[in-house]
Chemist: 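One structure, pasted below without further comment.
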Amino acid sequence: QVQLVESGGGLVQPGGSLRLSCAASKTTFGFYAAGWYRQAPGKQREMVATITNGGIREYADSVKGRFTISGDNAKNTVYLQMNSLKPEDTAVYYCNLVSPRYNYWGQGTQVTVSS
């Protein structure tokens, strides 16, 4: 089994920045895609950003130009750099790693952007 551990969340003012990290407990060969998802109070979970094993990145329209997803294979870690944060970004953020053989989720990290 692989555990995904998110970190880097916290409380920030509008316009501020945070970088989230998702560390896998071991090397995960054969993954198809990694991603970040978020769930705000009273709202459905939504995709924020994904990156495939080929390096293709996709973003939700609401975060394009502000968020960047990246990975460090040597550290078995995926990152989400969040700039120009807005109150609407407040949510629990989860990382995800998938392949035909598995579907792993982290425990989530809270991001709160004050108004």
Side-chain angles (χ1 to χ4, degrees):
Q1 288 284 347
V2 173
Q3 286 77 50
L4 305 180
V5 180
E6 302 99 331
S7 62
L11 174 64
V12 297
Q13 294 181 336
S17 297
L18 285 174
R19 188 173 80 155
L20 305 183
S21 298
C22 176
S25 61
K26 63 179 293 184
T27 302
T28 52
F29 295 105
F31 82 98
Y32 275 22
W36 288 94
Y37 297 75
R38 68 186 182 188
Q39 187 165 16
K43 295 185 177 180
Q44 192 173 2
R45 184 183 64 181
E46 65 175 344
M47 186 274 288
V48 177
T50 60
I51 181 169
T52 71
N53 61 351
I56 304 299
R57 295 163 169 82
E58 294 185 352
Y59 299 93
D61 288 341
S62 60
V63 307
K64 285 182 178 178
R66 300 189 297 119
F67 291 10
T68 303
I69 188 170
S70 62
D72 186 338
N73 289 335
K75 296 184 177 181
N76 301 125
T77 301
V78 63
Y79 304 97
L80 184 68
Q81 178 67 47
M82 306 185 295
N83 299 324
S84 302
L85 283 162
K86 305 174 180 179
E88 305 89 86
D89 297 316
T90 296
V92 177
Y93 285 70
Y94 300 90
C95 65
N96 174 242
L97 185 67
V98 299
S99 82
R101 303 186 309 279
Y102 53 75
N103 187 345
Y104 299 128
W105 289 91
Q107 83 286 354
T109 185
Q110 177 72 47
V111 172
T112 302
V113 185
S114 65
S115 59

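When a residue number appears, it is its place in the shown sequence, counting from 1.
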Chemist: Is there a path of hydrophobic side-chain contacts, each under 4.5 Å between heavy atoms of I, L, V, M, F, W or Y residues, that connects Leu97 with Trp36?
Modeler: no

Chemist: Can you name the closest pair of heavy atoms from Ser62 and Arg38 and give their distance?
Modeler: OG-NH2, 3.5 Å

Chemist: Please report the C-alpha distance between Tyr37 and Thr50 in whole Å, then the side-chain angles of each, then the deciding distance to 0.1 Å, and finally whether the side-chain contact (heavy atoms from CB on, under 4.5 Å) criterion is met.
Modeler: CA-CA 9 Å; Tyr37 297 75; Thr50 60; 4.2 Å; yes

Chemist: Return the minimal non-hydrogen interatomic distance between Arg66 and Ser84, and the atom names on each side.
Modeler: NH1-O, 3.0 Å

Chemist: Does any N or O in the side chain of Arg57 come within less than 3.5 Å of the main-chain N or O of Ile69, such that one atom is a donor and the other an acceptor?
Modeler: yes

Chemist: Return yes if some donor-acceptor pair links the side-chain N/O of Gln107 with the main-chain N/O of Glu6 below 3.5 Å, else return no.
Modeler: yes

Chemist: What's the separation between atom CD in Gln39 and atom CD in Gln44, rounded to the nearest 0.5 Å?
Modeler: 8.5 Å

Chemist: Any ion pair linking Lys64 and Asp61 (charged N to carboxylate O, less than 4.0 Å)?
Modeler: yes

Chemist: Can you check whether Thr90's main-chain N or O pairs, donor with acceptor, with Thr112's side chain at less than 3.5 Å?
Modeler: no

Chemist: Where does the angle between the aromatic ring planes of Phe67 and Tyr93 fall among parallel (under 30°), tilted (30 to 60°) and perpendicular (over 60°)?
Modeler: tilted

Chemist: Okay, side chain of Asp72, backbone of Val78: is any donor-acceptor separation there less than 3.5 Å?
Modeler: no

Chemist: Do Val2 and Tyr102 sit in the same hydrophobic cluster, where Ile, Leu, Val, Met, Phe, Trp and Tyr count as joined when their side-chain heavy atoms come under 4.5 Å apart?
Modeler: yes

Chemist: Indicate if Val92 and Leu20 have the same hydrophobic cluster label, given that clusters are the connected sets of ILVMFWY residues with side-chain heavy-atom separations under 4.5 angstrom.
Modeler: no

Chemist: Output the distance between atom CG (Asn73) and atom NZ (Lys75), rounded to the nearest 0.5 Å.
Modeler: 12.5 Å

Chemist: Just wondering, are more than 12 heavy atoms of other shown residues or ligands nearer than 6.0 Å to CD in Glu58?
Modeler: no

Chemist: Hydrophobic clustering (ILVMFWY, side-chain heavy atoms < 4.5 Å, transitive) - are Ile51 and Val98 grouped together?
Modeler: no

Chemist: Taking it one step at a time, do Met82 and Val111 satisfy side-chain contact (heavy atoms from CB on, under 4.5 Å)?
Modeler: CA-CA 10 Å; Met82 306 185 295; Val111 172; 3.9 Å; yes

Chemist: Are Val63 and Leu18 connected into the same hydrophobic cluster when the rule is that any two of I, L, V, M, F, W, Y join if their side-chain heavy atoms are below 4.5 Å apart?
Modeler: yes

Chemist: Taking all heavy atoms of Ser115 and all of Pro14, pick out the closest pair and write down the distance.
Modeler: CA-CG, 4.4 Å

Chemist: Identify the heavy atoms of Ala49 and Tyr59 that sit nearest to each other, and give their distance.
Modeler: CB-CD2, 3.6 Å

Chemist: How close do Gln81 and Ser17 get, counting heavy atoms only, and between which atoms?
Modeler: NE2-CB, 4.1 Å

